Amino acid sequence: MTQSELQLPRLWFSLAFALALVVGVFSLIPGPDLGEGDKLTHFLTYAILSAGFSLIIEARKSLWLILFGLISYGLLLDWLQGLTGYRMKDMADALANSLGVISGLVFYFSPLRGILRRLDAWLLARL
């Protein structure tokens, strides 16, 4: 079965970019110290971001854009955290972010792509 293209790509990309914006805001505002769970939180957050974008894109070569774009975003946010005075720049966080991005890319090859496309068609039929 071939995957059909999304009919509402602007909706899905808007949601994915909104999630990335939320990650950026929460990365730069004062927050609680998560202790040892911090690296897992970084990994899972960026895995979810990467998975979201991976499910939306059509062309496999776009995986490179997700890879470099989200890793760069994580590095930028980590650098900005170091400028805040209340957050720390931590290369271990950047590594956890990057590993999360790489892990999320596998969702491009998952059955969830088909589920998203069926949801997309269902939503379009109701608009």
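Along the sequence shown, residues carry numbers from 1. For clarity, every value in this text was computed on a predicted model and none was experimentally measured.
- Cluster membership check: Trp122 shares its hydrophobic cluster with Leu116, using side-chain heavy-atom separations under 4.5 Å among Ile, Leu, Val, Met, Phe, Trp and Tyr.
- Distance check, rounded to the nearest 0.5 Å: OH of Tyr73 to OG of Ser50 gives 14.0 Å.
- Closest approach of Thr41 and Thr45 over heavy atoms only: O-OG1, 2.7 Å.
- Rounded to the nearest 0.5 angstrom, Leu8 CG and Arg117 CZ are separated by 11.5 Å.
- Side-chain N or O atoms of Tyr108 include one that pairs as donor or acceptor with a backbone N or O of Arg60 at under 3.5 Å.
- Legend: residues meeting ring pair (Phe, Tyr, Trp, His ring centres under 6.0 Å) with Phe53, ordered by chain and number and at least two apart, are Phe17.
- Summarising the geometry of Ala92 relative to Lys39, their closest heavy-atom pair is CB-CE, 3.5 Å, with the distance given to 0.1 Å.
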For this session: Any chance you could lay out the side chain to side chain contact (heavy atoms under 4.5 Å, CB included) test for Glu58 and Leu6, step after step, and finish with the verdict?
Result: CA-CA 8 Å; Glu58 299 298 335; Leu6 291 170; 3.8 Å; yes

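- Between Leu67 and Ile102 there is a side-chain heavy-atom pair separated by less than 4.5 Å.
- Here CD1 of Ile57 is found 16.0 Å from CH2 of Trp12. Values are rounded to the nearest 0.5 Å.
- Checked by atom type and distance alone, the side chain of Gln7 never pairs as donor or acceptor with a backbone atom of Asp120 at under 3.5 Å.
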Exercise. Can Leu63 and Phe109 be said to form a side chain to side chain contact (heavy atoms under 4.5 Å, CB included), step by step?
Worked result: CA-CA 11 Å; Leu63 290 171; Phe109 305 98; 4.0 Å; yes

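- Hydrophobic clustering (side-chain heavy atoms under 4.5 Å, transitive across Ile, Leu, Val, Met, Phe, Trp, Tyr) groups Phe68 together with Phe107.
- For the pair Arg113 (side chain) and Ser54 (backbone), a donor-acceptor distance under 3.5 Å is present.
- In this structure Ile48 satisfies the side-chain contact (heavy atoms from CB on, under 4.5 Å) test together with Leu19, sequence neighbours excluded.
- Taking all atoms of both residues into account, the shortest heavy-atom contact from Val101 to Ile66 is CG1-O, 4.0 Å.
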For this session: With side chain to side chain contact (heavy atoms under 4.5 Å, CB included) as the test, would you mind laying out the steps for Leu123 and Leu11 before giving the verdict?
Result: CA-CA 10 Å; Leu123 282 174; Leu11 169 68; 4.0 Å; yes

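- Cluster annotation: Tyr46 is not connected to Met88 through the hydrophobic network of ILVMFWY side chains, with a link wherever side-chain heavy atoms come within less than 4.5 Å.
- Under the 4.5 Å side-chain heavy-atom criterion for grouping Ile, Leu, Val, Met, Phe, Trp and Tyr, Leu21 is not connected to Ile56 through any hydrophobic cluster.
- Contact check for Thr84 versus Pro30: no side-chain heavy atoms found under the 4.5 Å cut-off.
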